[in-house]
Engineer: 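The structure that follows is given in the form of structure tokens.
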Number of protein chains: 2
Amino acid sequence: MNKQTVTIYDVAREAEVSMATVSRVVNGNTNVKPSTREKVMKVIEKLDYRPNAVARGLASRRTTTVGVIIPDITNLYFSSFALGIDDIAAMYDYSIIMANADQGREEKVVTDILSRQVDGLVYLGHTMTDKIRHEVERTRTPIVLAGMIDPEGKMPSVHIDYESAVAEAVSRLFDQGIEDVAFISAPEYQVDDELGRFNGYKKALASHNKDLDSALCLTAENSRYRAAEEVGQELIDSKAQAAMIIGDELAAGVSNYVQDKGLKVPEDISIVSSNNSIITEIVRPQLTTIAPPLYDIGAVAMRILTKLMGDKSVEEEVIENKNILPYKIIVRDSTK
Amino acid sequence: MNKQTVTIYDVAREAEVSMATVSRVVNGNTNVKPSTREKVMKVIEKLDYRPNAVARGLASRRTTTVGVIIPDITNLYFSSFALGIDDIAAMYDYSIIMANADQGREEKVVTDILSRQVDGLVYLGHTMTDKIRHEVERTRTPIVLAGMIDPEGKMPSVHIDYESAVAEAVSRLFDQGIEDVAFISAPEYQVDDELGRFNGYKKALASHNKDLDSALCLTAENSRYRAAEEVGQELIDSKAQAAMIIGDELAAGVSNYVQDKGLKVPEDISIVSSNNSIITEIVRPQLTTIAPPLYDIGAVAMRILTKLMGDKSVEEEVIENKNILPYKIIVRDSTK
DNA sequence: CTGTTAGCGCTTTCAA
DNA sequence: TTGAAAGCGCTAACAG
């Protein structure tokens, strides 16, 4: 379809050198006499030649492209990762093939992206199915998980220690004398997810000699703002005086909902959120929150991937399997 | 790098047919005897064969990939477009190469993405430089602009009539008896941008017999939340009793700022925002806003692009140059 | 420092 | 309905 008229061959002919020499010039190979290089450069300029990355990819078996699998691009949590990934990728001259992998489409998406011969993969999201694992292994494509973890522990990942983070945040609530803290999230975090969000909650309970009360574990339909209403009411109906909420939109929604119903935050109910996206600052009162370094997680994941993709034998480099970045807890006005 | 072991040739040999036949099967060509097709399919299954999209792209000169140039992926305004684009692209089995084109990098990004032989381009953003135009034309790559417009009117675009939208929103304020309405935005919208945001403001002034007062045109550093502080103070210092603000984060920021300073919204100052992202609902009071169908703009842009890329001679299809989608004005609590 | 020569894995005429 | 063969535009030994 593209009428890429001028090829490396045209340049070679016009410059009266071989294709190989043009290729060397284009690729910055040093074994070219300066005068030859100049001559070729001039012709490239004159002919307005642009290398065809597809041909290059086929011939060299490297596409300088990485695939990014992202569950929801309009979710600030994920798009912040993506920004970090993109910045580092640009730095290393990799392009990004990005695919939104909503509900259950991840397998198709991964297969497709792999058929495009990406040099590597950054995988964001929750689920890592066997099928996906199989595809990745079959093609021997380097992969790094960001903001999640490999249950089998084989794939390198970058994330924070959510278990400690949640435990710390919830303990802080208990330490303030709050008796009952609810745990609110979308379904995927109401089980022992690998990053231990729910486990952190249980840990905090345990360390304060409290039993897990299922009436305080509230499940929202998903993590978006509008899913907060129902669960917000459940929170009001419960005996909780505080809530640890996974997902900033959900937390903002719950906070707004309970206030609309006449309760005061944090006087009547304290709220802690989990991701410190700009939403936690926009909503009033501003939310106390766990603050994972989202951009950095993406950036580190991409940096690790470049190493994995590098020519130098990876064996030499020490690549941690679990890269745990530090988090902060930012105390704002939604807690006492 | 990828050890894509099994090729079309392997399948051909194992199935005892020619590569051409395998190719036909893989591509759903109908001119294959059913029994042959079965046989080939079985071998494909058995060998776990996956077509190499790069080779395919080189041979067929179609990559079934489209490039999306996006100024800031963490901006809900743009990521909402992206979601629409992605959904339609997936529907037509196109992959997306997405590139964040922050300040001034768009030319490099476009050149790079074009070298990857994308079949088409969706361009979001503000600036369309001559260099970019040149690259796109040189490669004869179909392009559709989303949420912006081609100053020269050559490239098809999808957007709303921001001029009317702003004029309507501001007029509504005047009609309520408000004397002075400020116009607040990042620098790029303080000139007569092609979509006419600023023009809409001027139009509203004119239709209400008011003069443009530069003291009411307030420029924020950018459109993000944190840029609101300075301009928020300027708003307070001005005589305005209302503000039309371009960008939801900025609007939320200004609203919060003036309230933090003791003013009441909308009693002391009315606020209208421009994009109706979830932020306008999260912030309190909820913002009255122009509501462009962001997702649909992306989706329509992508749909048009598929037509432009289609094999059937485009001449036959009527493709509008300017595709103007309807907007709404949603009245919430930040105006009277 | 430069050129020759095979391909990379697939599509696509053209014949049969 | 099928196969043979010629590339797509480039890289990568290998030779010189």
Side-chain angles (χ1 to χ4, degrees), chain A residues 1-41 43-44 47-65 114-119 139 311, chain B residues 1-41 43-44 47-65 114-119 139 311:
Chain A
M1 180 108 299
N2 282 351
K3 200 143 189 174
Q4 156 82 60
T5 18
V6 13
T7 74
I8 199 172
Y9 181 73
D10 300 319
V11 176
R13 192 160 27 91
E14 181 86 11
E16 299 175 303
V17 296
S18 71
M19 289 165 57
T21 299
V22 177
S23 175
R24 288 189 188 100
V25 171
V26 168
N27 292 296
N29 188 314
T30 48
N31 292 86
V32 181
K33 202 194 334 175
S35 67
T36 310
R37 173 182 305 279
E38 291 253 322
K39 188 172 55 175
V40 173
M41 298 271 257
V43 175
I44 288 178
L47 263 40
D48 216 5
Y49 166 73
R50 298 281 185 289
N52 179 326
V54 173
R56 214 201 283 236
L58 185 59
S60 69
R61 300 149 146 292
R62 292 191 69 239
T63 54
T64 56
T65 301
L114 250 20
S115 80
R116 304 187 118 91
Q117 315 303 116
V118 294
D119 294 338
T139 56
D311 307 296
Chain B
M1 181 108 299
N2 281 353
K3 200 140 188 178
Q4 155 83 60
T5 18
V6 12
T7 74
I8 199 172
Y9 181 73
D10 299 320
V11 176
R13 193 160 26 93
E14 181 87 10
E16 298 174 304
V17 297
S18 71
M19 290 166 55
T21 299
V22 178
S23 175
R24 289 191 188 98
V25 171
V26 168
N27 292 295
N29 188 314
T30 48
N31 291 86
V32 181
K33 204 194 330 175
S35 67
T36 310
R37 173 182 306 279
E38 292 253 322
K39 188 171 55 172
V40 173
M41 299 271 256
V43 175
I44 288 178
L47 264 40
D48 215 7
Y49 167 73
R50 299 282 185 287
N52 178 325
V54 173
R56 216 201 284 234
L58 185 59
S60 69
R61 298 148 148 292
R62 292 192 69 240
T63 54
T64 57
T65 301
L114 250 20
S115 80
R116 306 187 116 92
Q117 314 304 116
V118 293
D119 295 338
T139 56
D311 307 296

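Lettering of chains follows the sequences in order, A, B, ..., and the numbering in each one begins at 1. The structure presented is a predicted model; accordingly, all values stated were derived computationally and were not measured. Note that these values count all heavy atoms, side chains included, but never hydrogens, waters or copies made by symmetry.
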Engineer: Any sub-3.5 Å donor-acceptor pair from B:Asp119's side-chain atoms to B:Thr64's backbone N or O?
Structural biologist: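 Side chain of B:Asp119 to backbone of B:Thr64: a pair is present.
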Engineer: Distance check: side-chain N/O of A:Ser18 vs OP1/OP2 of C:dG3, anything under 4.0 Å?
Structural biologist: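 Checking C:dG3 against A:Ser18, a side-chain N or O does come within under 4.0 Å of OP1 or OP2.
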Engineer: Would you compute the distance between atom CZ of A:Arg56 and atom CZ of B:Arg116 and round it to the nearest 0.5 angstrom?
Structural biologist: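 Reported to 0.5 Å precision, the distance equals 8.5 Å.
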Engineer: How long is the line joining CD of B:Glu16 and C1' of D:dG3, in whole Å?
Structural biologist: 14 Å
Engineer: Expressed as a whole number of angstroms, how long is the span from A:Gln117:CD to C:dG9:C1'?
Structural biologist: 9 Å
Engineer: Determine whether a donor-acceptor pair (N or O, by modelled atom type, separation under 3.5 Å) exists between the side chain of B:Thr63 and the backbone of B:Gln117.
Structural biologist: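 Yes.
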Engineer: Just to confirm, is there a sub-4.0 Å distance from OP1 or OP2 of D:dC10 to any side-chain nitrogen or oxygen of A:Asn52?
Structural biologist: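 A:Asn52 to D:dC10 OP1/OP2: no side-chain N or O under 4.0 Å.
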Engineer: Could you state the CG-P distance from B:Asn31 to D:dG3, rounded to the nearest angstrom?
Structural biologist: 13 Å
Engineer: If you measure from CG on B:Asp10 to OH on B:Tyr49, what distance do you get to the nearest 0.5 Å?
Structural biologist: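 The distance works out to 9.5 Å.
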Engineer: Check whether any side-chain N or O of B:Thr21 sits under 4.0 Å from OP1 or OP2 of D:dG3, and answer yes or no.
Structural biologist: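 It does, given that an N or O in the side chain of B:Thr21 lies less than 4.0 Å from OP1 or OP2 of D:dG3.
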Engineer: Please write out each protein N/O paired with an N/O of nucleotides 11-13 of chain C under 3.5 Å, distance rounded to 0.1 Å.
Structural biologist:
residue	atom	partner	partner atom	Å
C:dT11	OP1	B:Asn27	OD1	3.4
C:dT11	OP1	B:Asn27	ND2	3.1
C:dT11	OP1	B:Arg56	NH1	3.4
C:dT11	OP2	B:Ser23	OG	2.7

Engineer: Just to be sure I understand the rule, does A:Val54 reach a base, reach only the sugar-phosphate, or reach nothing, if contact means heavy atoms closer than 4.0 Å?
Structural biologist: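 The answer is nothing, as A:Val54 stays clear of every strand by at least 4.0 Å.
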Engineer: Rounded to the nearest angstrom, tell me the gap between atom CZ in B:Arg13 and atom C1' in D:dG3.
Structural biologist: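 About 17 Å, once rounded to whole Å.
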Engineer: Is the side chain of A:Asn29 donor-acceptor paired with the backbone N or O of A:Asn31 at a distance under 3.5 Å, no angle test?
Structural biologist: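 Side chain of A:Asn29 to backbone of A:Asn31: a pair is present.
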Engineer: How long is the gap from CG on B:Asn52 to CG on B:Leu58, to the nearest 0.5 Å?
Structural biologist: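 Reported to 0.5 Å precision, the distance equals 10.0 Å.
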Engineer: Just N and O in the side chain of A:Arg61: are any of them under 4.0 Å from OP1 or OP2 of D:dA12?
Structural biologist: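 The answer is no; no side-chain N or O of A:Arg61 sits under 4.0 Å from OP1 or OP2.
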Engineer: Do you know which two heavy atoms are closest between B:Val6 and B:Leu47, and how far apart they sit?
Structural biologist: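 Nearest pair, atom of B:Val6 first, then B:Leu47: CG1-O, 3.5 Å.
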Engineer: Rounded off to whole Å, could you give me the CZ-to-C1' distance for the A:Arg116 and C:dC10 pair?
Structural biologist: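 In whole Å, C:dC10 C1' lies 14 Å from A:Arg116 CZ.
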Engineer: Both B:Leu58 and B:Arg37 contact DNA chain D. Which one's nearest nucleotide lies toward the 5' end?
Structural biologist: B:Arg37
Engineer: Under 4.0 Å between a side-chain N or O of A:Thr36 and OP1 or OP2 of C:dC1?
Structural biologist: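 No, because none of the side-chain N or O atoms of A:Thr36 sits under 4.0 Å from OP1 or OP2 of C:dC1.
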Engineer: For A:Glu38 and C:dC1, give me the distance from atom CD to atom P, rounded to whole Å.
Structural biologist: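 To the nearest whole Å, that distance equals 14 Å.
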